[in-house]
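The block underneath contains the structure these notes are about, expressed in structure tokens.
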Amino acid sequence: MSIFEELEWRGLIADCTDKVELQKKLTAPTVLYAGFDPTADCLHVGNLVPLIALRRFQLCGHHPIALAGGATGSIGDPSGKSQERQLLTKEVLDGNIASVKEQLKKLLDFETKTNPARLLDNATWTAPVSFLDFLRDIGKHFSVNQMIAKESVRARMEDRETGISYTEFSYMLLQAFDFYHLRKECNCELQIGGSDQWGNITAGIELTRKKMSAQVYGLTLPLIMNTDGTKFGKTAAGAVWVDAKKTSVYRFYQFWIRTDDRDAVRYLKIFTFLGREEIAALEQQHAEKPEARAAHKALAKAMTDLIHGENATAEAMRASEILFGGALEGISETTFNDIVGEVPTKELARTALDGAGTPLVEALVLSGLCPSKGQARKDIEGGGVNINNLREANAQRHVTAQDLLFGKYLLLRKGKRNYVVLTVK
RNA sequence: GGUAGGUUACCCAAGUGGCCAACGGGGGCAGACUGUAAAUCUGCUGGCUUACGCCUUCAAUGGUUCGAAUCCAUUACCUACCA
């Protein structure tokens with residue numbers, strides 16, 4: 001199966017230029033790139049798709065380039081807060097690129113001899129160009145008439161409330177310049193990106209053709225949406241990051257486990273490297289016995305393996321089994337210790353448990369499970385709070401030393417899946 | 001620069017002197033049912049309080065009034081029309 005057919009099967013092709021020619025081009029190793037904005041020092045699951053797609057190309061023998069938008073990122077989206085943008089100094093951007101590179105190493109192979117991945121920063125070739133030169137050499141090739149016809153621009157121009165700034169209007173020129181530059185310097189012939197990038201990609205294709213009479217190609221990936229219409233990758237706690245310091249391995253694993261039934265198989269295709277047969281088998285199991293959630297588990301395991309490694313995944317799985325497996329009775333301290341490392345943990349002074357102890361409501365606020373005592377009380381009265389996996393409906397309840405597991409842990413839960421361990425110091 | 005209109009909780013949005021911590025919808029959280037699902041139903045959704053109740057909120061500041069989200073003045077921001 002060719003890379004193109006594989007992407008098609010996985011539902012990863014939203015649009016592409018000259019399908020026939022592109023497929024022909026991809027029969028031989030090709031250099032391709034995808035860009036990302038280094039606006040944060042960390043990747044989240046939302047911007048994983050193009051990078052995983054790069055990996056798929058790499059596995060098929062192509063040469064991937066991950067392009068950090070050191071230049072484009074510094075311009076960014078002007079509708080955001082101006083302070084925010086100024087804070088993204090060169091140092092910050094460089095720092096972000098450096099830390100993101102570490103994360104990219106998990107996705108792309110930078111070491112292989114045949115077709116190593118590369119990480120480039122468009123600031124290196126954009127920053128030295130003077131405004132005047134840019135206008136003469138690049139701007140000259142763009143027709144404003146065509147630019148305002150692009151969907152991204154037109155939408156903003158029709159939205160009179162927001163409008164579009166000159167800076168943002170120019171964004172596509174910078175991205176087009178990247179593509180042209182990469183074609184010239186690295187013989188890069190394909191750009192992939194999210195479907196919102198279509199206009200920017202075609203701008204680059206046209207610029208390359210005009211400047212060097214070279215044909216390059218574009219391919220866009222669909223914007224991933226949950227079936228229920230919500231944005232993929234967002235939870236109540238915010239984005240799901242690939243850095244374990246920002247999103248614990250357990251939470252990362254849980255994020256995938258909790259995928260909507262209707263999305264599970266689709267996400268297996270989009271995100272994992274599982275083959276056609278494996279996914280077909282999982283799809284069948286999922287259809288026959290959805291409550292077993294075989295597809296969810298495979299998805300969660302594959303993704304956690306990919307990002308955090310198998311050992312960490314095993315621990316997250318063990319913690320999940322314990323927490324959702326039922327009663328804590330008969331659990332060994334060693335096993336429980338596994339959980340402690342996975343779920344959020346807060347410390348509690350031992351003296352707070354002396355005598356009458358601490359009101360449960362306070363413990364809930366301290367743990368971060370409830371935003372206020374009032375809310376904590378309502379949650380308890382609503383039956384949403386468990387101590388050591390046993391429901392506690394009494395809002396007057398105090399927690400004391402007697403509630404401790406193994407003399408030092410207190411397992412609090414709000415709702416079905418929000419756990420916090422309080423550790424006594 | 002002129003004129004008119006607007007700014008209410010996470011978002012949308014009612015409220016035009018006391019019955020307003022503020023209708024309704026969305027979102028969110030929790031419960032029942034389940035499979036850590038979907039759909040459905042129920043409760044909650046400013047803070048403190050066991051409770052009676054108290055406190056802080058309707059862009060900001062000052063004022064009128066026994067009493068202000070509501071009236072007046074000033075300021076800031078947004079929108080529309082005009083220049």
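Just the heavy atoms: all of them, side chains too, but no hydrogens, waters or symmetry mates, feed the values below. Throughout, protein chains are lettered first and strands after them, A, B, ... in sequence-line order, and every chain is numbered starting at 1.
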Please state the P separation for the pair B:U16 and B:A59 - nearest whole angstrom. 15 Å
List, with names and distances, any nitrogen or oxygen atoms from the protein found under 3.5 Å away from nitrogen or oxygen atoms belonging to nucleotides 47-53 of chain B.
| unit_1 | atom_1 | unit_2 | atom_2 | d |
| --- | --- | --- | --- | --- |
| B:G47 | OP1 | A:S372 | OG | 3.3 |
| B:C48 | OP1 | A:K373 | N | 3.0 |
| B:C48 | OP2 | A:S372 | OG | 3.4 |
| B:C48 | OP2 | A:G374 | N | 3.0 |
| B:U49 | OP1 | A:K373 | NZ | 3.0 |

Under the ring-ring contact (aromatic ring centres under 6.0 Å, His included) rule, collect the residues that match up with A:Y180, sequence neighbours excluded. none
For A:R118 versus A:F110, what's the shortest heavy-atom pair and its separation? C-CE2, 3.8 Å
Considering every strand and a 4.0 Å limit on heavy-atom distances, what is the contact class for A:R413: base, sugar-phosphate, or nothing? nothing
Roughly how many Å apart are B:A14 and B:C58, using the C1' atom of each and rounding to a whole number? 12 Å
Before accepting this row, confirm whether a basic side-chain N of the pair A:R377/A:E381 lies closer than 4.0 Å to the acidic partner's carboxylate O. no
For the C1' atoms, the ones on B:C12 and on B:G17, what distance do you get once it is rounded to whole angstrom? 27 Å
Taking B:G15 as the reference, what is the distance to B:U8 when you measure between their P atoms (whole Å, please)? 14 Å
According to the interplanar angle, ranging from 0 to 90°, do the rings of A:F232 and A:Y267 count as parallel (below 30°), tilted (30 to 60°) or perpendicular (above 60°)? perpendicular
Show your reasoning for whether side chain to side chain contact (heavy atoms under 4.5 Å, CB included) applies to A:E333 and A:K408. CA-CA 11 Å; A:E333 183 166 357; A:K408 52 184 168 180; 3.5 Å; yes
Mind checking salt bridge (charged side-chain N to carboxylate O under 4.0 Å, His left out) for A:R413 and listing every partner two or more places apart, or none if nothing turns up? none
Whole-Å P distance, B:U7 and B:C71: 11 Å
Is there any salt bridge (Lys or Arg N to Asp or Glu O under 4.0 Å) pair reaching into residues 299-313 of chain A, and which pairs are they, with sequence neighbours excluded? A:K301-A:D305
So which nucleotide does B:A80 pair with, by the Watson-Crick or G-U wobble rule with both distances under 3.5 Å? B:U3
With sequence neighbours left out, the residues meeting side chain to side chain donor-acceptor pair (under 3.5 Å) with A:K105 are A:E102
Return the nucleotide paired to B:C58: Watson-Crick means purine N1 to pyrimidine N3 with N6-O4 or O6-N4, wobble means G-U with N1-O2 and O6-N3, both under 3.5 Å. none
Pairing partner of B:C52, by Watson-Crick or G-U wobble and under 3.5 Å for both distances, is none
Gap in Å between the two P atoms, one belonging to B:C19 and one to B:A83, rounded: 47 Å
Residues A:D133, A:R136: salt bridge by 4.0 Å N-O rule: no
Base contacts versus sugar-phosphate-only contacts with protein, heavy atoms under 4.0 Å: please encode nucleotides 33-39 of chain B as B, S and - from 5' to 3'. BBBBBS-
Please report, rounded to the nearest Å, how far the P atom of B:C44 is from the CG atom of A:D379. 13 Å
Looking only at atom C1', what distance separates B:U61 and B:A13, rounded to whole Å? 27 Å
Between A:K101 and A:D121, does at least one N-O distance fall below 4.0 Å, as a salt bridge requires? no
Which one is paired to B:A32, where only Watson-Crick or G-U wobble pairs with both distances under 3.5 angstrom count? B:U40
Could you measure between the two C1' atoms, the one in B:U57 and the one in B:G47, and give it in whole Å? 10 Å
Using Watson-Crick geometry (N1-N3 plus N6-O4 or O6-N4) or G-U wobble (N1-O2, O6-N3), each under 3.5 Å, B:C71 is paired with B:G63
